[in-house]
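Right, one structure below, let's go through it.
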Amino acid sequence: MRFDELGLAPELLRALADQGYTEPTPIQAQAIPVILAGRDLMGGAQTGTGKTAAFTLPLLQRILAFASPSPSPARHPVRVLMLAPTRELAIQVYESVKTYSRHVPIRSCCVFGGVDIKPQIAEIRCGAEVLVATPGRLLDLFEQKCLNFASVQALVLDEADRMLDMGFVPDVTRIINLLPRQRQSLLFSATFSEEIKKLADGMLKSPVLIEVAKRNTVSETITHRVHPVAAEAKRALLVKLLKSADFNQVLVFTRTKIETNRLARELQKAGIAADSIHGDKSQQERLKVLEAFKEGSVLVLVATDVAARGLDIDELPHVINFELPRTPEDYIHRIGRTGRAGKPGTAISLVSASEVEYLVEIEKLIRIQVEQVPVAGFEPEYDYTYPPSGKRGHRRPLPPPPALAPLAAPRSERMTGRNAQREGANRASNGRFPHLAADGFDFSKPYESPAPLVAAVGNDADRALHHSERPHKPRRPVAALLGGLGRK
DNA sequence: AAAAAAT
């Protein structure tokens with residue numbers, strides 16, 4: 001399959017050729033014809049598979065059919081709106097739009113918070129067919145009457161499951177309700193929880209579902225590894241790992257902004273070229289640090305989940321989870337920063353006893369049992385393996401030192417002693433995930449997160465049921481918001 | 001119980 005078989009305009013093919021691209025990735029080959037045909041689309045694909053170009057190219061082509069050569073702003077109304085969950089991601093999408101539109105008379109513009117709004121107002125006044133934005137600033141500009149959505153023909157939600165989760169839903173819903181009902185809607189993400197899928201269905205008209213690789217899977221070029229370690233020993237272990245020859249450029253994730261700062265400082269003290277990025281830093285600082293990391297003057301970037309999604313860092317070999325993320329989906333996004341475009345990558349997680357439950361959820365979601373490798377001198381006091389009872393998050397104190405050896409031994413060896421007990425369970429899960437099968441997990445069905453991101457979606461009967469199950473908990477007002485979500 | 005996104 002080649003790009004020139006997809007019916008794209010010569011000018012777009014030329015822009016692709018400028019980048020050295022001749023063959024579409026699977027998501028591009030499947031999504032481009034669907035988008036050209038004007039259909040709604042839900043696109044699930046692993047990170048690093050060319051999602052951005054998959055929607056940018058055909059949307060540019062659709063605008064092209066009506067493009068105006070006139071310089072008047074009135075003749076360049078917003079036709080395509082692209083929303084992203086972080087400012088850096090919006091910039092990245094915008095750069096892609098710029099790249100592919102270089103040979104066509106289409107204007108584009110990018111707006112996001114954290115920077116002076118005036119230049120953005122000036123730019124919008126000049127007119128742009130493609131507008132890339134983060135939700136807050138877009139609404140700000142709308143309230144200042146700088147924007148008119150009347151001519152929007154297509155909406156793209158990049159990282160759609162994030163755009164539709166609790167924190168974003170109010171803003172995104174407001175924006176959607178400002179757009180013309182008659183429009184094309186495209187949703188893209190590497191992960192779609194069942195809850196988000198339901199919510200998304202409400203805003204799509206007979207959508208085409210494209211799942212290139214299976215939903216909620218990770219790149220096969222990534223090697224996963226867990227180092228069990230006591231929480232107090234994590235920093236020392238991280239320093240040791242980073243100082244070992246195996247590492248050069250590394251992205252390290254923590255769970256809080258404060259820990260991000262503290263850890264970066266500690267690494268600097270240890271003589272490691274580290275810096276941190278999180279949402280409390282100024283936008284200028286965020287971009288500067290990211291740039292330093294991309295060009296290589298910063299070798300270790302310590303980040304919150306602000307950097308978990310979409311960021312395309314060239315040939316990043318390693319991601320380390322200093323702390324596991326709260327939701328298993330975020331693990332997929334975090335480690336998706338490595339192993340991009342078929343290149344190899346390693347994803348290492350430092351897991352303490354309190355995080356074992358997160359690990360179990362992650363292993364279920366990605367359907368991989370991650371190898372656990374204790375590091376000499378950092379062996380934890382607890383055994384992190386799953387006990388025969390199958391009870392999650394169980395931890396038991398290990399016998400004194402001599403018994404540390406079995407913990408360090410390969411997992412398979414430890415398993416053998418329990419084989420008899422687990423035979424039945426093993427068969428149920430093809431023998432691949434004995435501890436999960438023992439827990440009653442069905443591998444023939446898609447995984448459903450036990451903690452709904454959205455409290456209640458669906459018809460009144462569903463809601464009533466949900467309500468009666470948990471009379472003690474007040475329902476969140478999400479249902480009210482959903483009522484207005486682009487229902488036709 | 002956290003991070004992101006407007007000021």
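Labels below follow one simple rule: chain letters A, B, ... track the order of the sequence lines, proteins then strands, and each chain is numbered from 1. Heavy atoms only: backbone and side chains are in, while hydrogens, waters and symmetry mates are out. Quick caveat, the model's predicted, so the values are computed rather than measured.
Donor-acceptor pairing under 3.5 Å is recorded for the side chains of Gln283(A) and Arg87(A).
Across all their heavy atoms, Ser189(A) and Asp161(A) have their closest contact at OG-OD1, 2.9 Å.
Distance from the side chain of Arg137(A) is smallest to dT7(B) among dA2(B), dT7(B), dA5(B). The Thr86(A) side chain lies nearest to dA4(B) when the options are dA6(B), dA4(B), dA2(B).
Asp280(A) pairs by the side chain to side chain contact (heavy atoms under 4.5 Å, CB included) definition with Lys257(A), His278(A), not counting sequence neighbours. Checked against side chain to side chain donor-acceptor pair (under 3.5 Å), Glu143(A) has the following partners two or more places apart in sequence or in another chain: Arg174(A).
Rounded to a whole Å, the CD atom of Glu329(A) is 16 Å from the C1' atom of dA4(B). In this structure, Arg162(A) atom CZ and dA2(B) atom P are separated by 15 Å, rounded to whole Å. In this entry the distance linking CD of Glu159(A) with C1' of dA4(B) reads 13 Å, nearest Å. Distance, Arg334(A) CZ to dA2(B) P: 14 Å, rounded to whole Å. If you measure from atom CG of Leu324(A) to atom C1' of dA1(B), you get 16 Å, rounded to the nearest angstrom. For the pair Ile175(A) CD1 and dA5(B) P, the interatomic distance rounds to 14 Å; values are reported in whole Å. Following rounding to the nearest Å, Gln283(A) (CD) and dA5(B) (P) show an atom-to-atom distance of 7 Å. Nucleotide dA1(B) holds its P atom 18 Å from the CG atom of Asp165(A), rounded to whole Å.
At the heavy-atom level, Asp140(A) lies under 4.0 Å from base atoms of the strands shown. Residue contacts for Gly279(A): at a heavy-atom cut-off of 4.0 Å it reaches the sugar-phosphate backbone alone, with no base atom in range. Contacts of Arg309(A) with the nucleic acid, taken as non-hydrogen atoms under 4.0 Å apart, are absent. Looking at heavy-atom distances under 4.0 Å, Arg326(A) makes contact with a base.
Contact check, Arg286(A) against dA4(B): no side-chain N or O comes under 4.0 Å of OP1 or OP2. In this model, the phosphate group of dA2(B) is not approached by any side-chain N or O of Thr304(A) to a distance below 4.0 Å at OP1 or OP2. Considering only side-chain N and O atoms, Arg87(A) lies under 4.0 angstrom from the phosphate OP1 or OP2 of dA5(B).
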>> Could you walk me through whether Asp171(A) and Arg137(A) satisfy the salt bridge (charged side-chain N to carboxylate O under 4.0 Å, His left out) test, starting with their C-alpha distance in whole Å, then the side-chain angles of each, then the deciding distance to 0.1 Å, before giving a yes or no?
In response: CA-CA 10 Å; Asp171(A) 277 358; Arg137(A) 181 55 66 90; over 6 Å; no

